[in-house]
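Reading through the C-alpha cells given below for one structure.
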Amino acid sequence: MGEFTDFAHTEGQSATQGLAVDEQKALGQFMTQPSIALAMARRACCGVDVDVVRILEPAAGSGILAAAVVETLLERPARPSRIELTFRELDGRLIPVLRRLGEKMRRIAKTKGVSLSVSVRKGDFLLSEIATKRRNQYDVIIANPPYFKLNKKAPQALAHAYAVYGQPNIYGLFMAATAQLLAPEGRWCFITPRSWTNGSYFAAVRRHMLAWLRIDAMHVFESREDHFTDDDILQEAMITWATAQVAPLPDIVVSTSQGINDLADAELRSLPAAKIVGGDRGRMIALPLSDQDDFPSCSETLESLGLKVSTGPVVAFRASRHLSERKNRNTVPLLWMQHISRMGISWPIDKKREHIMACVESSWMLVPNAPMVLLRRFSPKEDVRRVTAAAYTGGLPGAQVGLENHLNYIYRPGGKLSRAEAMGIAAYLNSRQVDAYFRSVAGSTQVNATELRQLAMPTLAQLTEIGQRCTLGMSLGAIDTCVGSILDKQEIAA
Ligand SMILES: C[S@@+](CC[C@H](N)C(=O)[O-])C[C@H]1O[C@@H](n2cnc3c(N)ncnc32)[C@H](O)[C@@H]1O
C-alpha cells in the first residue's frame with residue numbers, strides 16, 4: 001500500500017529540491033503529502049463503479065493525487081477493466097517524473113488485469129483545449145492547484161472570464177474550469193485554501209462550480225499552513241469533494257483536523273446543505289467548525305437596520321503629505337488599528353502620524369466625527385476572537401476624523417447612531433456567536449465588509465438593550481453573557 005504515492009512523493013521531492021522559494025511560489029508548486037493524497041482519493045473514488053475510469057490531474061506536479069486514485073482503484077476486489085489517466089503540468093522538470101510514474105503504474109495495473117493508459121502533456125492547463133473546449137470527459141478529477149493572484153487581463157483569466165470577478169486567483173480558475181469537465185456522476189476533489197468559500201471575488205467561481213457540482217463533503221485543516229499565505233494573511237487549507245450533475249442531497253459531511261497527524265481520526269458531522277451553501281447569488285459557504293458554533297438566529301442585517309459598513313478611506317502611503325506627527329490647529333485625529341481594542345478606543349497613544357490635516361484636498365478622506373462602530377480588519381492569528389470592535393461615541397476633538405484603511409466602520413448614513421446602539425453593535429460583534437460565524441465563513445483572519453454585510457444582526461431594540469447593559473472595556477465573558485441573555489430572551493418569547 002502507498003507504492004505509487006510514495007514513489008510520486010520521493011520523485012517529486014528530488015525533482016523540485018533545487019528550486020528557489022521564489023520559483024516555487026511563482027509556479028504555486030507545493031506538493032501534497034501522501035497521507036492527504038490517499039484520504040482525498042479514497043473518498044473521491046467512493047461510488048465510482050464504471051468499467052473504464054477516466055482520471056484527470058490538471059496541475060499534476062509529480063502526479064501524487066492521480067497516483068492515489070489509481071492505487072485506490074487497484075486495491076478494490078472489483079477493479080475497472082481500464083483506466084485512462086491524463087496529466088497536465090506546466091513545469092518541464094516534472095514531465096519525466098510523471099512519465100516514470102505512469103510507466104510504473106501501467107506495469108503494476110497490468111499484473112492485476114487492468115489496462116492503464118497515461119497521457120502526459122506539458123503546458124498550461126487553463127489554456128489547453130481540454131479546459132477551454134471540452135465537456136463531460138472525466139470520471140474523476142483531482143487536484144491541488146497552484147495558488148497565486150492573476151491579473152484580470154492574464155490569458156488564463158480571459159479564457160475563463162465566466163469565473164472572474166475582480167482580481168482572480170489561479171486556483172479558483174482551476175476549480176471552475178474543471179467543474180464542467182466531469183461526466184454526470186463524475187467525482188471532483190480539490191485541496192485549496194479556504195478563501196474561495198466566501199467573499200465577492202470568488203462569487204463567480206462558486207456560482208459556476210455549484211451549477212455543475214453538488215458538494216458532498218468538506219474537510220478543514222485548522223492549523224494554517226504557511227504555504228497558503230496571501231499578502232501575509234494566513235489561510236486555512238481545505239479539501240472539497242463533489243459529484244457532477246446529480247440531484248442535491250440534504251446534508252454535507254463536514255470534518256476538521258488540526259493538521260495531517262489527526263486527519264485520520266477526524267470526526268464526521270452531517271450538516272444540512274441549506275445551512276452551509278447560501279442560496280443567494282453570492283453562494284457563500286459557511287462551515288460551522290464545532291458543535292458549539294450556534295450561529296446567531298437573528299434575521300436583520302446592517303442594511304435592514306439602515307446602517308452601512310465601509311473601509312477606512314485613509315491609505316497612508318497615498319495620503320502621506322497630509323499625515324502629521326503632531327497636532328496643530330489644522331489637524332484632526334487619525335485612527336489606526338492600534339487605537340482600537342475590544343470595546344475601547346485610545347487616542348492619542350504617541351503613535352507616529354496619528355493626526356491628519358483637515359483641508360479641502362484631504363476632505364474626501366475624512367468622516368463626520370459622530371458615533372460609529374470601529375472594527376479592525378485584521379487580527380493576529382493567535383487572537384481569541386476574529387473580530388475586534390469598539391464603539392466610538394464621538395468624544396474626540398474636531399468636526400471630522402480620519403480612519404486608516406485597516407479599519408472598517410459602521411455608521412448610519414444620513415443619521416446618527418445613539419451611544420447605546422453603538423455600544424450594542426460593538427458588543428454583539430465581539431461576542432462568541434459572531435466569532436463562530438466568522439470562523440465558519442472565513443479561513444483567514446481578515447474581517448471583510450462583504451461578510452459583515454451578510455452577518456445576521458439582532459433588532460435595533462435588542463442592540464440598544466445590549467448597549468445599555470454593556471460598558472467600555474468589558475470582558476469577553478461578560479459580553480457573551482449579556483448578548484446571550486438578550487438574544488435568548490427573544491428566542492424564548494418567540
Ligand atoms: C500545488 S502544486 C501540486 C502538485 C501535485 N498535484 C500535488 O498535489 O503534489 C501545483 C502544480 O501545478 C503546476 N502548475 C502551475 N501552473 C499551472 C498551469 N497553469 N497549468 C498546469 N500546471 C500548472 C505547478 O508547476 C505545480 O507542479
Side-chain angles (χ1 to χ4, degrees), residues 2 4-41 44 55-71 85-99 101-102 119-132 140-151 154-160 163 168-178 181 188-193 196 221 225-230 235 237-240 260:
F4 301 155
T5 39
D6 287 344
F7 180 84
H9 183 58
T10 319
E11 291 266 316
Q13 273 186 328
S14 53
T16 53
Q17 222 161 33
L19 233 65
V21 175
D22 281 358
E23 212 177 343
Q24 216 172 354
K25 271 194 170 170
L27 282 165
Q29 209 165 64
F30 297 96
M31 307 303 182
T32 313
Q33 294 297 313
S35 57
I36 296 187
L38 281 167
M40 290 169 69
I55 306 166
L56 169 69
E57 187 172 3
S62 63
I64 194 164
L65 297 176
V69 172
V70 173
E71 211 162 278
L85 185 53
T86 304
F87 284 127
R88 283 288 176 279
E89 170 56 53
L90 193 57
D91 184 353
R93 282 167 290 203
L94 289 160
I95 301 299
V97 173
L98 290 167
R99 294 224 165 95
L101 172 69
S119 151
V120 179
R121 204 58 73 74
K122 174 179 176 312
D124 191 317
F125 167 73
L126 292 172
L127 301 176
S128 69
E129 192 188 302
I130 302 179
T132 54
V140 181
I141 298 181
I142 190 159
N144 171 2
Y147 167 83
F148 51 81
K149 282 183 183 149
L150 276 178
N151 188 299
Q156 295 87 346
L158 295 176
H160 299 279
N169 193 305
I170 192 165
Y171 88 87
L173 300 185
F174 270 82
M175 295 175 96
T178 49
L181 282 176
W188 181 99
C189 178
F190 267 56
I191 181 166
T192 60
W196 70 273
F221 294 97
E225 296 278 305
D226 275 355
H227 62 253
F228 287 140
T229 56
D230 181 7
Q235 284 279 334
M238 71 183 289
I239 304 172
T240 308
I260 301 178

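First listed ligand is number 1; within each ligand, the first listed atom is number 1.
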Contacts of Asn151 that satisfy side chain to side chain contact (heavy atoms under 4.5 Å, CB included) - sequence neighbours left out: Lys153, Ala154
Side-chain (His160) to main-chain (Ala177) donor-acceptor, under 3.5 angstrom: no
Set of residues that line ligand 1, where lining means a heavy atom lies under 4.0 Å from it: Leu27, Gly28, Gln29, Phe30, Met31, Thr32, Glu57, Pro58, Ala59, Ala60, Gly61, Ile64, Leu65, Glu89, Leu90, Asp91, Leu94, Gly123, Asp124, Phe125, Asn144, Pro145, Pro146, Phe174
Side-chain donor or acceptor of Glu71 paired with backbone N/O of Thr5 under 3.5 Å: yes
Close side-chain approach of Ser62 and Phe7, heavy atoms under 4.5 Å: no
Donor-acceptor pair, side chain of Glu57 and main chain of Phe87, under 3.5 angstrom: no
Flag, side chain of Asn144 to backbone of Phe30, donor-acceptor distance under 3.5 Å: yes
